[in-house]
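In what follows, a structure is listed as structure tokens, so that the remarks can point back to it.
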Amino acid sequence: MKADEPTNLGLSEKTHGYLKRLHEEGHFAEMRDAYKFGIALALSHEIVPPDLPSPRSNIFGVASIDPDKSIYSAIGTLMDTKNEPIYKWAERLAEWGVEELFKRSQKGQIDFVRIIEESKRKSEKN
């Protein structure tokens with residue numbers, strides 16, 4: 001792991017509010033589950049996310065989100081991080097993914113089967 005990796009992960013304040021709502025509305029049992037699913041969703045859609053908009057808030061310690069370093073490994077393997085800290089990329093991916101999940105939640109229940117099918121189709125094309 002790079003020495004300059006952050007020890008805390010966050011989101012923009014706006015998207016942090018979306019994360020809270022995803023949990024409160026029962027789409028995810030824990031906010032960290034939605035955060036990690038957001039990262040996976042962005043990775044599966046091959047998103048190259050922009051920097052986090054300000055203001056930003058810390059939400060989780062890296063150890064609580066990625067205790068086995070699987071997120072770190074996945075991002076490092078699947079993305080050209082341009083020598084930026086991988087966990088900064090994780091935040092950017094989570095920002096996009098949580099926003100996308102929140103948009104989908106506004107139509108009712110999130111269709112997780114559809115999300116997995118979309119991701120599967122994308123991976124089969126590659």
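It should be emphasised that the depicted structure is a prediction, and the values quoted were computed from it without experimental measurement.
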Rounded to the nearest 0.5 Å, what's the gap from [atom1] on [X] to [atom2] on [Y]? Could you check?
{"X": "Arg56", "Y": "His16", "atom1": "CZ", "atom2": "NE2", "result": "11.0 Å"}
{"X": "Asp111", "Y": "Ser105", "atom1": "CG", "atom2": "OG", "result": "13.0 Å"}
{"X": "Leu22", "Y": "Phe37", "atom1": "CG", "atom2": "CZ", "result": "11.0 Å"}
{"X": "Asn58", "Y": "Thr7", "atom1": "CG", "atom2": "OG1", "result": "7.5 Å"}
{"X": "Ile86", "Y": "Thr81", "atom1": "CD1", "atom2": "OG1", "result": "5.0 Å"}
{"X": "Glu13", "Y": "Ile59", "atom1": "CD", "atom2": "CD1", "result": "10.0 Å"}

Side-chain contact test, heavy atoms from C-beta onward, threshold under 4.5 Å: evaluate it for [X] versus [Y] and give yes or no.
{"X": "Ile65", "Y": "Tyr87", "value": "no"}
{"X": "Glu100", "Y": "Lys103", "value": "yes"}
{"X": "Arg92", "Y": "Asp51", "value": "yes"}
{"X": "Asp66", "Y": "Leu9", "value": "no"}
{"X": "Trp89", "Y": "Val48", "value": "yes"}
{"X": "Asp33", "Y": "His23", "value": "no"}
{"X": "Glu95", "Y": "Pro53", "value": "yes"}
{"X": "Val62", "Y": "Tyr72", "value": "no"}

Open item on the list: Are Leu52 and Ile47 linked, directly or through intermediate hydrophobic residues, by side-chain heavy-atom contacts shorter than 4.5 Å (ILVMFWY only)?
Closed with: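 Result: no, two separate clusters.
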
If the threshold is 4.0 Å, N to carboxylate O, is there a salt bridge linking [X] and [Y]?
{"X": "Arg21", "Y": "Glu25", "result": "yes"}
{"X": "Glu91", "Y": "Lys88", "result": "yes"}
{"X": "Lys69", "Y": "Glu5", "result": "no"}

For [X] and [Y], work out which heavy atoms get closest and say how close.
{"X": "Gly97", "Y": "Leu41", "result": "O-CD2, 4.0 Å"}
{"X": "Asn8", "Y": "Gly61", "result": "OD1-CA, 3.7 Å"}
{"X": "Leu19", "Y": "Ala34", "result": "CD1-CB, 3.5 Å"}
{"X": "Leu93", "Y": "Ala42", "result": "O-CB, 3.5 Å"}
{"X": "Ala94", "Y": "Ile39", "result": "CB-CG1, 3.7 Å"}

- [ ] Run through Phe102, Tyr18, Phe112 and flag the one making a ring pair (Phe, Tyr, Trp, His ring centres under 6.0 Å) with Phe28.
- [x]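 Only one option passes, and that is Phe112.
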
